[in-house]
Amino acid sequence: MNSITAVRVRFAPSPTGHLHVGNARTALFNWLFARQKGGTMVLRIEDTDVDRSEARFEDQLIDDMKWLGLDWDEGPDVGGSFGPYRQSDRLPIYREHAERLLSEHKAYLCFCTEAELQQDRERATTEHRQPIYSGKCRTVDPAEAQDRRVSGEACAIRLRIPEHPIRFHDIVHGAVEFSNEVVSDPIILRSSGMPVYNYVVVIDDALMKITHVIRGDDHLSNTPKQVTLYEALGWPVPEFAHLSTILGADRERLSKRHGATSIANFRDMGVLPEALVNYLALLGWAPSGGTREIFSRDELVKEFSLERVTPSPAVFDMEKLYWLNRHYIKERRAADWEQTILQPAIASSIEDLVYFLRTGGATRHNELVAQLNRHSNEIKMAVGTWGYFQRAGQLPEIRLVTKENLLWVSRMVYLLSPSVDRLEQLPERAALIFNYDAKAALASPDNAEVLGLPHTDAVLTRFTVKMFEDESASEGKLTAERFKQIVNEVKAETGAKGKELFHPIRIVMTGSHSGPEFDKLIPILEEGSHLQLPKHVLSVRERVEEFAKARGK
RNA sequence: GGCGCUAUCGUCUAGGGGUUAGGACGGAAGAUUCUCAAUCUUCAAACCCGGGUUCGAUUCCCGGUAGCGCUACCA
């Protein structure tokens with residue numbers, strides 16, 4: 001439209017529930033565009049549908065946006081010089097402009113009743129004509145109409161659609177043209193005095209000086225009415241960018257039916273916001289060249305371009321989201337646990353965090369975030385995922401956190417997190433730490449082959465004897481180094497090596513012949529056994545004992 | 001029904017009048033690790049159909065088909 005005027009965009013959700021992925025992408029694209037152009041992002045609440053709108057949904061929406069890392073410069077919560085930012089607070093404005101259109105004959109009074117209109121539509125359909133408004137009241141003399149209104153006759157206000165095709169430009173779709181033949185004169189103000197969406201949106205966008213209307217393409221067919229309205233009001237028409245629909249795997253519009261679709265759902269599952277933002281950006285947009293896929297929020301701000309947004313609908317692919325989520329989970333824990341956690345500076349500030357959490361700080365979101373930001377990613381992840389373990393009965397509530405169990409949990413999360421798609425899968429992965437069942441391990445068909453190997457008996461026996469003899473193991477203080485040493489001794493004494501050595505030992509340790517590396521697992525088992533947890537973690541020695549008992553040797 | 005939008009591997013996409021049609025997810029195979037995971041390597045996999053324009057169309061144009069959307073005194 002113009003490069004002189006500063007960019008102003010808006011995201012205008014209805015507060016009818018949690019933010020949905022489709023809307024989230026619209027919000028994201030608006031935000032990326034605004035931030036890249038140094039423009040202004042406006043949040044406007046479209047709450048004119050009183051039946052479905054609720055104040056608490058507005059708070060949810062705001063929380064969801066913030067979680068994604070999207071912010072805005074003007075909105076109901078932050079104010080701004082183009083307010084109010086809730087449509088329900090703007091009713092007088094809508095009426096005023098409707099009256100102006102009426103007095104300028106750009107609009108007219110319509111006395112048709114709903115029943116009449118309904119009838120007209122039905123007749124048109126059966127006669128295979130366009131079910132558009134007949135224009136019956138278009139020709140009523142304005143003075144006469146005014147008299148009828150004053151005398152109390154119910155009437156709505158209708159906009160006059162021009163006698164020529166309506167054209168506008170769309171950044172995503174290019175030139176768009178609609179024949180006026182198929183656009184009826186729309187009602188802008190109902191007989192009840194309540195304005196209609198397609199009218200309200202224009203008044204708001206124009207008064208808020210929105211330069212680029214970026215929204216879902218379900219609004220594309222409504223745009224000619226809106227363009228007419230801008231022109232009738234004598235206001236400049238903004239640029240449009242209509243984003244394609246997000247579909248489910250069955251190519252139908254994505255809905256609750258398809259499972260997780262709200263931002264809150266993803267947050268609860270343990271999808272990281274950086275993963276979701278990255279994924280959403282890739283749904284309909286690709287960088288030039290099209291080979292890069294991993295983008296941080298800042299990189300997106302730099303690279304994003306509305307011109308490169310694809311007009312075709314996109315199927316939401318959960319697997320690809322999970323792939324990105326794995327990437328970002330790994331990125332968050334990229335540092336070495338011992339090195340970051342045991343740094344003196346971090347170690348000392350953990351005391352403060354523990355005190356904060358023990359005194360109920362976890363419920364004060366903003367303060368919690370501020371507290372956590374002083375810590376390493378490992379600690380953040382431990383606090384962030386605590387709830388999942390708690391719900392699985394593996395950890396106590398976070399008020400009972402101690403420095404010891406916090407460090408232990410962070411070490412456990414560090415070990416387990418690279419192998420999950422979503423953080424909510426952590427407790428399931430932690431089963432090998434919390435749920436040890438020697439009998440089940442011996443009976444498991446998965447283990448039958450390993451258990452039947454020629455060297456297995458000797459390995460098991462020697463391993464057991466050595467563990468019983470080891471003093472540190474009896475105290476639950478076996479180190480990874482000592483463990484390795486014992487395994488090597490078993491290797492030398494039995495001649496078993498590779499799988500035939502490790503698999504049986506793994507079964508003793510975790511009940512399964514596959515799992516994480518021993519040098520990381522052993523300290524977790526040993527430390528865990530000394531902690532007060534809802535579910536006791538068996539030490540290495542306790543595991544060996546249980547297994548020997550179950551084996552009966 | 002009318003109007004509009006859309007159409008490249010199963011999915012997200014790059015590309016574009018002449019290309020071995022590129023990348024990613026997922027799939028398959030292999031390497032590696034004690035195992036799983038991870039990682040790496042390799043493989044399979046696409047231009048909706050029909051006309052036109054053109055020396056040549058997957059690319060441009062037109063039609064068809066399909067999907068989606070809009071067609072309200074819903075938002």
Side-chain angles (χ1 to χ4, degrees), chain A residues 12-14 16 46-49 51-53 87 110 112-114 117-118 121 124-133 154-158 170 172-173 176-179 181-184 186-198 200-201 216-225 242 244-245 247 249-253 279 282-294 308 310-324 326 330 416 418-420 429 432 450 487 491 496-507 510 512-518:
Chain A
S14 295
T16 54
E46 307 213 322
D47 59 351
T48 44
D49 186 349
D51 296 338
R52 287 191 287 167
S53 300
Q87 289 186 333
C110 175
C112 301
T113 64
E114 279 191 70
L117 294 169
Q118 176 76 20
R121 260 199 304 276
T125 316
T126 52
E127 290 171 12
H128 302 290
R129 286 183 292 110
Q130 291 288 340
I132 66 172
Y133 177 63
C155 59
I157 299 181
R158 267 187 205 273
D170 187 291
V172 177
H173 297 272
V176 186
E177 182 181 316
F178 284 81
S179 161
E181 307 283 322
V182 297
V183 185
S184 14
I187 286 184
I188 59 174
L189 206 69
R190 297 186 181 96
S191 50
S192 64
M194 284 297 283
V196 161
Y197 169 79
N198 277 307
V200 162
V201 76
D217 69 359
D218 46 335
H219 293 285
L220 191 58
S221 299
N222 285 325
T223 308
K225 289 176 188 172
H242 285 99
S244 68
T245 319
L247 309 174
D250 54 3
R251 301 219 131 252
E252 285 192 38
R253 195 197 195 104
Y279 180 70
L282 257 21
L283 222 47
W285 172 83
S288 113
T291 52
R292 190 140 85 98
E293 308 256 28
I294 305 285
R308 293 192 59 80
T310 45
S312 55
V315 173
F316 192 91
D317 181 0
M318 213 58 110
E319 288 302 325
K320 189 149 185 177
L321 204 213
Y322 291 158
W323 168 71
L324 278 165
R326 279 199 297 273
K330 277 182 224 150
L416 266 16
S419 64
V420 299
R429 293 281 171 161
L432 81 168
V450 175
V487 171
K491 181 181 178 182
K497 57 181 183 182
K499 280 190 195 182
E500 52 189 10
L501 172 67
F502 280 92
H503 278 198
I505 292 176
R506 263 188 190 291
I507 293 175
T510 67
S512 162
H513 58 78
S514 70
E517 300 147 61
F518 279 132

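Computed from a prediction, not measured in an experiment: that's the story for all the values here. The chains referred to below are lettered A, B, ... by the order of the sequence lines, with proteins before strands, and numbering in each begins at 1.
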Quiz item: Side chain of H503(A): nearest nucleotide among rC12(B), rU35(B), rU13(B)?
Solution: rU35(B)
Quiz item: Are side-chain heavy atoms of I188(A) and P195(A) found at a separation under 4.5 Å?
Solution: no
Quiz item: What does G284(A) touch in the nucleic acid at a heavy-atom separation under 4.0 angstrom: a base, only the sugar-phosphate, or nothing?
Solution: sugar-phosphate
Practice problem: If rC48(B) has a Watson-Crick or G-U wobble mate with both distances under 3.5 Å, name it; if not, just say none. | Solution: rG64(B)
Practice problem: State which of rU11(B), rG23(B), rC34(B) makes the closest approach to the side chain of R251(A). | Solution: rU11(B)
Quiz item: Which part of the nucleic acid, if any, lies within reach of H242(A) when heavy atoms closer than 4.0 Å are counted: base, sugar-phosphate only, or nothing?
Solution: nothing
Quiz item: Which of the following nucleotides, rG26(B), rU71(B), rC73(B), is nearest to the side chain of K225(A)?
Solution: rU71(B)
Quiz item: Among rC25(B), rG69(B), rA24(B), which is the nearest nucleotide to the side chain of E319(A)?
Solution: rC25(B)
Self-check item: Closest nucleotide among rC5(B), rA37(B), rC34(B) to the D217(A) side chain
Solution: rC5(B)
Practice problem: Look at all strands and tell whether C112(A) reaches a base, only sugar-phosphate, or nothing, counting heavy atoms closer than 4.0 Å. | Solution: base
Exercise. Report which part of the nucleic acid L189(A) touches: base, sugar-phosphate, or nothing (heavy-atom distance under 4.0 Å, all strands).
Key: nothing
Quiz item: So, is K320(A) near the phosphate of rU13(B), with a side-chain N or O under 4.0 Å from OP1 or OP2?
Solution: no
Exercise. For T291(A), report the nucleic acid contact type (base, sugar-phosphate, nothing); a contact means any heavy atom under 4.0 Å.
Key: sugar-phosphate
Quiz item: Does H173(A) have a side-chain nitrogen or oxygen under 4.0 Å from the phosphate oxygens OP1 or OP2 of rU6(B)?
Solution: yes
Exercise. Look at the side chain of P311(A) and decide which nucleotide, out of rA7(B), rC73(B), rU35(B), has an atom nearest to it.
Key: rA7(B)
Quiz item: Base, sugar-phosphate alone, or nothing: which one does S179(A) contact when heavy atoms must sit under 4.0 Å apart?
Solution: nothing
Quiz item: For the pair made of CG in N222(A) and P in rU71(B), what is the distance, rounded to whole Å?
Solution: 5 Å
Practice problem: Please tell me which of the listed nucleotides, rU11(B), rC5(B), rA75(B), lies nearest to the side chain of S14(A)? | Solution: rA75(B)
Exercise. May I ask you to say what R308(A) touches in the nucleic acid, namely base, sugar-phosphate or nothing, with a heavy-atom cut-off under 4.0 Å?
Key: sugar-phosphate
Quiz item: Whom does rG10(B) pair with, Watson-Crick or G-U wobble, provided both distances fall under 3.5 Å?
Solution: rC25(B)
Quiz item: If only side-chain N and O atoms of R253(A) are considered, is one of them under 4.0 Å from the OP1 or OP2 phosphate oxygen of rU6(B)?
Solution: no
Self-check item: Closest listed nucleotide, where the reference is the side chain of L283(A) and the choices are rA14(B), rA72(B), rC12(B)
Solution: rC12(B)
Quiz item: Considering Watson-Crick and G-U wobble pairs with both distances under 3.5 Å, what does rA57(B) pair with?
Solution: none
Quiz item: Taking for each residue the nucleotide of RNA chain B bearing the nearest heavy atom, is the 5' side occupied by E114(A) or by F518(A)?
Solution: F518(A)
Quiz item: Is the phosphate of rC73(B), meaning OP1 or OP2, less than 4.0 Å from a side-chain N or O of R121(A)?
Solution: yes
Quiz item: At under 4.0 Å, does any side-chain N or O of S221(A) touch on OP1 or OP2 of rG69(B)?
Solution: no
Practice problem: Output the single nucleotide from rU35(B), rA7(B), rC12(B) whose closest atom is nearest the side chain of S312(A). | Solution: rA7(B)
Practice problem: Could you check whether F178(A) gets within reach of a base, just the sugar-phosphate, or nothing at all, counting any heavy atom under 4.0 Å? | Solution: sugar-phosphate
Practice problem: Under a 3.5 Å limit for both distances, which nucleotide forms a Watson-Crick or G-U wobble pair with rG1(B), could you say? | Solution: rU71(B)
Quiz prompt | Polar side-chain contact S191(A)-rC73(B) base: donor and acceptor under 3.5 Å | solution = yes
Quiz item: Does rU39(B) have a Watson-Crick or wobble mate here (both distances under 3.5 Å), and if so which one?
Solution: rA31(B)
Practice problem: Pick base, sugar-phosphate or nothing for E252(A), based on heavy-atom distances below 4.0 Å to the nucleic acid. | Solution: sugar-phosphate
Practice problem: Counting heavy atoms from C-beta on, name the nucleotide in rC73(B), rU35(B), rC12(B) closest to the side chain of I187(A). | Solution: rC73(B)
Quiz prompt | Base-pairing assignment for rU20(B) (Watson-Crick or G-U wobble, both under 3.5 Å) | solution = none
